[in-house]
Amino acid sequence: MLETRYNPKVTEAKWYADWQKKEYFKGIPDSKKKMFSLVIPPPNVTGSLHMGHALNNTLQDILARWHRMKGFSVCWMPGTDHAGIATQNVVERMLSLENKSREELGRENFVKEIWKWKEKSGGTIINQLHRLGASCDWDKERFTMDEGLSIAVREAFVRLYEDDLIYRGDYLVNWCPRCGTAVSDLEVEFEEQQGSLWDIFYPFENEESGLIVSTTRPETMLGDTALAVHPQDERYKKFIGRKLQLPLVGREIPLIADDFVDPEFGSGVVKITPAHDPNDYEAGKRNELPQINILTEDGKINENGGKYQGLDRFEAREKIISDLKNLSFLKQVKDHEHNVGICYRCETIIEPFLSKQWFIRTKPLAEEAIRSVENGKIRIIPKQWENTYFEWMHNIKDWCISRQIWWGHQIPAWYNVETGEVIVSREDITDQNYRRETDVLDTWFSSALWPFSTFGWPKKTPDLDYFYPTSTLVTGFDIIFFWVARMIMAGLKFMDDVPFKDVYIHALVRDEDGQKMSKTRGNVIDPIEIIEESGADSLRFTLTAMAAQGRDVRLSEERIAGYRNFCNKIWNAARFILLNVEKEVETIPESSSLTLADRWILSRANSVTREVEKSLDEYRFNDFASTLYQFIWHEFCDWYIEAVKPNIINDEIDSKSKDILVLVLSQILRLLHPVMPFITEEIWDKLPIKGKKSSIMVSEWPKYDPEFENPDSEEDFSIIIDIVSTIRNLRGELNISPGQEIPCLIKVSNQEHESLILREEETIKRLSKIGSEWSIGTDIQPPKLISSAVIRNMQIFIPLEGLIDIDSETNRLKKQLAETEKTVLALKKKLSNKEFTQKAPKEVIEKNEEKLKDEQNRHEKLSTNLNKLTKTG
RNA sequence: GGGCGGGUAGCUCAGUUGGGAGAGCGGUGCCCUUACAAGGCAUAGGUCGGAGGUUCGAGCCCUCUCCCGCCCACCA
């Protein structure tokens with residue numbers, strides 16, 4: 001027996017523990033079975049579950065549970081990511097509360113602090129995934145900095161280095177002065193900001209005249225080593241090669257010509273600061289200009305900035321502007337909107353900065369990665385994201401992988417203190433003459449190896465052999481470049497095979513303003529709170545139902561409440577069934593012993609099974625959810641249960657409806673289990689079916705069976721539904737209280753309808769509350785004062801003299817008549833169009849002809865009834 | 001500057017080879033009918049952003065256009 005009310009909290013904890021105890025989540029290589037594997041997009045180890053995770057992991061869990069039920073050997077690999085900069089920032093912030101800094105602690109102690117923090121809070125998100133119901137193989141859980149994965153990272157680095165795919169050198173990189181590290185191009189976000197454009201006067205040497213230059217970053221002038229104009233610019237051609245004097249600094253710089261200058265912009269003269277601007281860097285190289293770095297690692301002006309040394313870059317900007325103004329070098333200031341690069345971790349403004357960094361040569365790796373998507377070895381779903389992928393891969397730039405932070409995989413390179421010789425090695429170099437590289441690797445370097453490092457690579461393990469390549473990757477579009485593309489490159493490079501066959505890209509969960517939810521923005525809605533309030537199944541179902549391909553999920557509390565009600569509905573339906581069925585169901589009853597309703601629901605359940613399978617196959621998660629929602633609520637509960645109630649409650653001996661109820665419920669539960677694992681298991685546990693599996697998790701996934709398809713029953717039952725709905729409608733129009741019984745006459749136009757109605761008489765009468773006064777036939781003579789409706793070539797009459805208001809009844813019929821007339825005219829017009837009858841497919845024409853006949857028939861009957869009514873009046 | 005996605009009922013959104021406009025929530029009316037008031041029954045509400053085109057037929061295909069969002073890009 002089920003409790004009166006579903007209690008998600010108790011149920012969820014109970015079954016999750018049970019599943020784990022029974023080791024259902026375990027992924028075990030089994031050559032006799034088909035394989036299905038997933039690797040989790042590893043969440044940040046210090047993070048907590050947000051809605052994005054909830055969506056991402058719900059979808060993965062659906063796929064995992066679905067395949068398990070289909071008999072696959074399933075492995076869903078879980079784990080967490082060390083998230084270098086992000087985690088280091090978190091711990092640094094914590095330390096600063098105690099007035100400590102990482103510099104004080106020193107590298108070794110600081111890293112120890114992070115490990116301590118990881119041990120303490122690293123389990124949070126994993127526990128939260130348990131709450132969600134994620135069926136990961138937790139025994140296999142990995143962490144990107146654990147021993148095995150560190151070996152994998154080192155192996156990968158060494159091999160790339162040996163293959164000349166890694167190099168080190170001085171380059172202009174994106175520098176975050178707050179984090180004190182270089183970041184990759186991807187880690188810079190651009191933000192439209194309102195800034196200023198300053199026009200500065202650069203005088204020719206020993207002359208009054210000079211040139212006007214526009215800049216958004218005046219402080220960089222300290223590092224100017226030239227001015228440039230377009231070689232064809234008539235205004236300036238004559239000055240090319242002349243020297244100018246750099247204001248405030250006094251340095252002598254040349255005017256050069258370079259194609260990249262846009263003569264239309266500003267004055268057409270541009271200052272060249274090779275050490276602090278990517279364009280200028282390139283221009284500087286082309287023209288062999290000196291590079292003058294004017295910044296320190298923490299964003300202050302360095303010794304090259306003369307009297308501005310020591311000032312923060314923005315203080316220096318203010319000071320330089322005021323100095324320029326005082327010395328009349330500043331000619332004009334204009335408002336100017338422009339894109340400013342900010343650090344995606346701490347939102348500090350990024351500076352282009354000259355430094356020695358490690359890079360991966362990505363072009364050679366990208367080629368095969370592009371091919372593997374082009375030739376279909378990897379499918380990206382929805383397909384539109386392929387374009388995004390190709391676009392980025394075709395224009396891929398070398399990847400700066402070194403980070404000047406402490407938390408991460410330290411680069412396995414050693415420098416000879418004397419000679420500077422570089423050794424990259426799998427083993428630590430202990431020779432005192434060598435000093436290890438202090439930089440660590442970009443976090444995404446280890447993430448790129450995730451689909452195989454987690455299975456034991458570089459060792460050859462049975463898991464790696466069996467579960468790689470993984471079946472499907474489920475992830476958000478925000479990390480296609482960061483992660484998906486790099487996994488593909490790494491998989492092809494190290495495993496010689498793609499890391500996954502399907503990539504399902506889901507939408508982002510946004511807040512009510514359509515904003516991306518993220519920790520740094522602080523707009524995260526806590527899924528755990530929702531789980532506490534409404535249960536994990538409600539949350540999971542909501543996210544699934546809203547996960548339409550290519551569209552963001554805007555989560556609303558209302559929506560979740562709606563699907564919580566759905567849980568409740570399922571619970572109550574199951575409660576009703578279990579309350580009334582005591583005997584165990586053994587087999588599917590013979591079709592001949594079934595009622596119309598029985599045959600109808602079996603046929604419908606069968607179709608739904610097919611639809612569900614198709615939806616999941618195509619990653620149409622929202623279709624999967626709403627198909628089940630509609631079927632369960634509006635067919636199974638609203639019609640089937642209601643139709644068979646008397647058989648159940650009165651315990652009709654001959655009725656097989658109890659069996660059908662249980663069997664269809666069992667089918668519903670199994671179809672629903674991937675998305676609602678807990679409530680389905682709780683009900684399954686109580687289901688009286690002989691020989692059922694002890695857990696729904698290991699029960700058989702329903703299969704579509706053409707045997708059960710029964711279009712005749714579907715048609716017949718839909719007639720019953722129409723009749724009942726029509727009578728209910730008339731009752732409503734007449735304001736008859738739902739409890740009151742009414743008389744009813746049905747005039748049919750054929751024998752089939754008559755016998756169908758007679759067979760289903762009890763059901764129709766009960767569901768529409770018709771009393772003893774009731775008759776059916778082809779020659780019904782209705783009394784004058786009636787309320788009537790026409791449907792499917794039948795006329796339904798409610799003879800209730802006292803209740804009928806002639807005016808309103810007349811109006812109602814007139815309205816219907818007008819609608820019918822309109823439809824008839826439209827259909828006639830369509831069918832008399834020769835082009836239509838010649839060119840449209842036969843089925844379409846027939847359908848329209850039939851419709852016309854129906855509508856004409858309806859029209860005729862409506863007008864007859866109307867006439868009678870008005871005559872009476 | 002390039003690319004992508006979206007504009008469908010009051011709100012949030014489905015709508016898969018072009019052929020009857022849908023759901024959830026909300027609204028309205030009637031009902032505590034023995035699974036469920038987190039419920040039942042009924043009902044109102046849309047020129048599918050705009051214009052043009054292809055077609056016998058367009059929410060769906062093509063062109064143009066107006067809004068909104070996102071991604072990429074070195075515009076000083």
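Residue numbers start from 1 in every chain, and the chains themselves are labelled A, B, ... in the order their sequence lines are given, proteins ahead of strands. Only a predicted model underlies this, so the values are computations on that prediction, with no experimental measurement involved.
Using a 3.5 Å distance cut-off with no hydrogens or angles, the side chains of A/Lys334 and A/Ser214 do not pair a donor with an acceptor. Under 3.5 Å, the side chains of A/Ser737 and A/Gln740 contain no donor-acceptor pair of N or O atoms. For the residue pair A/Thr763 and A/Lys765, no side-chain donor N or O sits within less than 3.5 Å of a side-chain acceptor on the partner. A side-chain donor-acceptor contact under 3.5 Å links A/Asp224 and A/Tyr202.
For the C1' atoms, the distance from B/rC61 to B/rG22 is 22 Å, rounded to whole Å. Taking atom P on both B/rG46 and B/rA9, the two are 10 Å apart, rounded to the nearest angstrom. To the nearest whole angstrom, the two P atoms, one in B/rU16 and one in B/rG59, are 13 Å apart. Nucleotides B/rU12 and B/rG26, compared at atom C1', are 11 Å apart to the nearest Å. B/rC60 and B/rC68 have their P atoms separated by 23 Å, with the value rounded to a whole Å. Comparing the P positions of B/rC56 and B/rC11 gives an interatomic distance of 38 Å, to the nearest angstrom. Comparing B/rG2 with B/rA44, their C1' atoms are spaced 47 Å from each other, to the whole Å. Taking atom C1' in both B/rC25 and B/rU33, one finds a spacing of 26 Å when rounded to whole Å.
In terms of heavy atoms, A/Met51 sits closest to A/Ile530 at CE-CG1, 3.8 Å.
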Evaluation steps, salt bridge (charged side-chain N to carboxylate O under 4.0 Å, His left out), between A/Lys614 and A/Glu611: CA-CA 5 Å; A/Lys614 185 163 179 274; A/Glu611 281 171 50; over 6 Å; no
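Look at B/rG39: its Watson-Crick or wobble partner, with both distances under 3.5 angstrom, is B/rC31. As the counterpart of B/rC56, B/rG19 is assigned, both hydrogen-bonding distances of the Watson-Crick or G-U wobble pattern falling under 3.5 Å. Pair assignment for B/rC70: B/rG3, on the basis of Watson-Crick or G-U wobble contacts that are both within less than 3.5 Å. Within the shown strands, nothing qualifies as a pairing partner of B/rG46 under the Watson-Crick or G-U definition with both distances less than 3.5 Å.
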Base versus backbone protein contacts along nucleotides 5-17 of chain B [heavy-atom cut-off under 4.0 Å; B, S, -]: SSS----BSSSB-
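At B/rA23, none of the side-chain N or O atoms of A/His634 fall inside 4.0 Å of OP1 or OP2 (strictly under the cut-off). The phosphate of B/rC31 has neither OP1 nor OP2 within less than 4.0 Å of any side-chain N or O from A/Lys769. Contact between the side-chain N/O atoms of A/Trp633 and the OP1/OP2 oxygens of B/rG40 is found at a separation under 4.0 Å. For A/His338 and B/rA73, the shortest distance from a side-chain N or O to OP1 or OP2 is not below 4.0 Å.
At distances below 3.5 Å, at least one donor-acceptor pair connects side-chain atoms of A/Glu809 with backbone N or O atoms of A/Ser788.
Of the two residues contacting RNA chain B, namely A/Pro841 and A/Asp277, the nearest-nucleotide position lying further toward the 5' end is that of A/Pro841.
Taking only distance into account, the side chain of A/Glu264 never meets the base of B/rA76 through a donor-acceptor pair shorter than 3.5 Å. At a cut-off of 3.5 angstrom, the base of B/rA38 holds at least one donor-acceptor pair with the side chain of A/Arg5. In the interface, the side chain of A/Lys645 is paired with the base of B/rA35 through a donor and an acceptor atom under 3.5 Å apart.
Within residues 561-575 of chain A, the residues approaching RNA chain B are A/Arg564, A/Asn565, A/Asn568, A/Lys569, A/Asn572, A/Ala573, A/Arg575, by heavy-atom distance under 4.0 Å. Contacts with RNA chain B (heavy atom under 4.0 Å) in residues 192-202 of chain A: none are found.
Between A/Arg792 and A/Asp854 there is no salt bridge, since none of the side-chain N atoms of the basic residue sits less than 4.0 Å from a carboxylate O of the acidic one.
Using a 4.0 Å heavy-atom criterion, one finds that A/His336 contacts the sugar-phosphate atoms exclusively. Counting non-hydrogen atoms under 4.0 angstrom, A/Asn339 reaches a base of the nucleic acid.
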